[in-house]
Amino acid sequence: GKPLPPEQVAQVEQGFQCLYNGIDLAGWRVHDGLVGHWKPSDWRLVYDGKATGADKNLWSEESYGDFQLIVDWRWNGKYDKTTPRPVVLPSGEHAKNDDGTDQQIDVPIADSGIYLRGHSKAQVNIWQWPIGSGEIWGYRTDRNLSTENRAAATPAAKADQPVGKWNRFLITVVGDEVTVELNGQVVIDKCPLPGMPAEGPIALQHHGDPIEFANIFVRRLDAE
């Protein structure tokens, strides 16, 4: 299905700026290893998962402090290879079998994400895990953080659409706290990300898997 028409996406008078113009990669840092892999295709930004070079992610040229980000995304390839992934409890801990091993479910190998403020640990995940997308993996799995912080980095629900359907993130970053809405449902609510820089660029993550993005809009919240 097609994403929402632009007039339903973000009103310019609300202060949202378009980060993807549908024509080229203006506003993004592009090197030769990204060309032809991160590919403008009308309203879709299509990634084949095969960029080369030291950094295969697509980074914004501008940096952002406090901001809101709208990103539509969908899985657009063949994901016939599967891998076992843990069942994650609301606490962020892994569910256990009777013998103490992790409960696991086979899921398609499909992985990407959104990096916030230039920080790979501050990544809003896009994937096929049982836990759903929106998880902030680097913080959920950080044993140095409080149990409350790790639980906050764990999605409240799996709000993903089926493979091939469009999904929408609304990501809000204020101070060191991140809120993630996925398809209109709050899955991460004001999760503290200690150590996240005060500002930095946004990236669409390369993880070796094909994915499409669309309707990428950002609004600075600290401009006032």
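Every value quoted in this text rests on a predicted model; they were computed, and no experiment measured them.
Y20 and I70 are not part of a single hydrophobic cluster, where members link through side-chain heavy atoms under 4.5 Å apart. At a threshold of 4.5 Å between side-chain heavy atoms, the hydrophobic network of Ile, Leu, Val, Met, Phe, Trp and Tyr places L69 and I188 in one connected group. Linking ILVMFWY residues whenever their side-chain heavy atoms come closer than 4.5 Å, directly or via other members, places F67 and L58 in the same cluster. Note on L25: it does not cluster hydrophobically with V46, by side-chain heavy-atom contacts below 4.5 Å among ILVMFWY residues.
In this structure, K190 does not pair ionically with E177, as no charged nitrogen and carboxylate oxygen lie closer than 4.0 Å.
Using a 4.5 Å heavy-atom threshold, the side chains of Q161 and N183 count as touching. A 4.5 Å side-chain heavy-atom check between I211 and D111 finds every atom pair outside the cut-off. Within the 4.5 Å cutoff, the side chain of P84 has heavy atoms near those of the D106 side chain. N57 has its side chain out of reach of H207: every pair of non-hydrogen atoms, C-beta onward, lies at least 4.5 Å apart. Side-chain contact between W75 and S112 is present, with at least one heavy-atom pair separated by less than 4.5 Å. Between R85 and T83 the shortest side-chain heavy-atom distance falls below 4.5 Å. Using a 4.5 Å heavy-atom threshold, the side chains of Y79 and P210 count as touching. Looking at V178 and M196, their side chains come closer than 4.5 Å, going by heavy atoms from C-beta outward.
Of the inter-residue distances, the one linking N149 atom CG with N144 atom CG reads 11.0 Å to the nearest 0.5 angstrom. Rounding to the nearest 0.5 Å gives a distance of 5.5 Å between CG of L182 and CZ of F169. Separating the CD1 atom in I136 from the NZ atom in K121 is a distance of 11.0 Å, to the nearest 0.5 Å. Distance check: I171 CD1 to I202 CD1 gives 8.0 Å after rounding to the nearest 0.5 Å. Note that CG of L45 and CG of L204 are 6.5 Å apart. Values are rounded to the nearest 0.5 Å. Atom CZ of R44 is separated from atom CG of N215 by 12.5 Å, given to the nearest 0.5 angstrom.
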Check step by step if side chain to side chain contact (heavy atoms under 4.5 Å, CB included) holds for I114 and L116.
CA-CA 6 Å; I114 313 286; L116 308 175; 4.2 Å; yes
Would you please test D66 and R117 for salt bridge (charged side-chain N to carboxylate O under 4.0 Å, His left out) and show each step?
CA-CA 9 Å; D66 292 351; R117 292 191 187 156; 2.9 Å; yes
As a quick check of understanding, evaluate side chain to side chain donor-acceptor pair (under 3.5 Å) for Q68 and T172, giving each step before the final call.
CA-CA 4 Å; Q68 277 194 312; T172 305; 3.0 Å; yes
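In D98, the CG atom is not crowded: 12 or fewer heavy atoms of neighbouring residues, nucleotides or ligands sit closer than 6.0 Å. The environment of Q103 atom CD is dense: over 12 non-hydrogen atoms of other residues, nucleotides or ligands sit within 6.0 angstrom. Heavy atoms of other residues, nucleotides or ligands lying less than 6.0 angstrom from NZ of K96 number more than 12.
No donor-acceptor distance shorter than 3.5 angstrom exists from the side chain of D176 to the backbone of P192, with no hydrogens or angles considered. Not one N or O on the side chain of D72 forms a donor-acceptor pair closer than 3.5 Å with the backbone of F213. At distances below 3.5 Å, not a single donor-acceptor pair connects side-chain atoms of N97 with backbone N or O atoms of D99. With hydrogens and angles disregarded, no donor-acceptor distance shorter than 3.5 Å links the side chain of D102 to the backbone of Q104.
As a member of the Ile/Leu/Val/Met/Phe/Trp/Tyr network built from side-chain separations under 4.5 Å, I105 groups with V87, V107. Residues V88, W129, I131, W137 make up the rest of the hydrophobic cluster containing W127, defined by ILVMFWY side-chain heavy atoms closer than 4.5 Å, directly or through other members.
Taking each heavy atom of S91 and T154 in turn, the nearest pair found is C-OG1, 4.2 Å. A pairwise comparison of heavy atoms in L193 and A122 identifies CD1-CB, 3.9 Å as the closest pair. Nearest heavy-atom pair across Q123 and G113 is OE1-CA, 3.7 Å. Scanning all heavy atoms of the two residues, the minimum distance from G36 to D48 falls at O-OD2, 4.0 Å. In terms of heavy-atom proximity, S133 sits nearest to P155 at O-CG, 4.0 Å. In terms of heavy atoms, Q128 sits closest to P108 at CB-O, 3.5 Å.
For Y64, there are no side chain to side chain donor-acceptor pair (under 3.5 Å) partners at least two apart in sequence or on another chain. For Y47, the ring pair (Phe, Tyr, Trp, His ring centres under 6.0 Å) partners are W38, H206, not counting sequence neighbours.
Ring planes of W43 and W166: tilted class, angle from 30 to 60°.
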Result block: side-chain N/O donor-acceptor pairs under 3.5 angstrom for residues 27-35, not counting sequence neighbours:
unit_1, atom_1, unit_2, atom_2, d
W28, NE1, L19, O, 2.6
R29, NE, S60, O, 3.4
H31, ND1, G33, N, 3.1
H31, NE2, D55, O, 2.7

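For residues 143-160, the set of pairs meeting the salt bridge (charged side-chain N to carboxylate O under 4.0 Å, His left out) definition, not counting sequence neighbours, comprises E93-R143, E93-R150.
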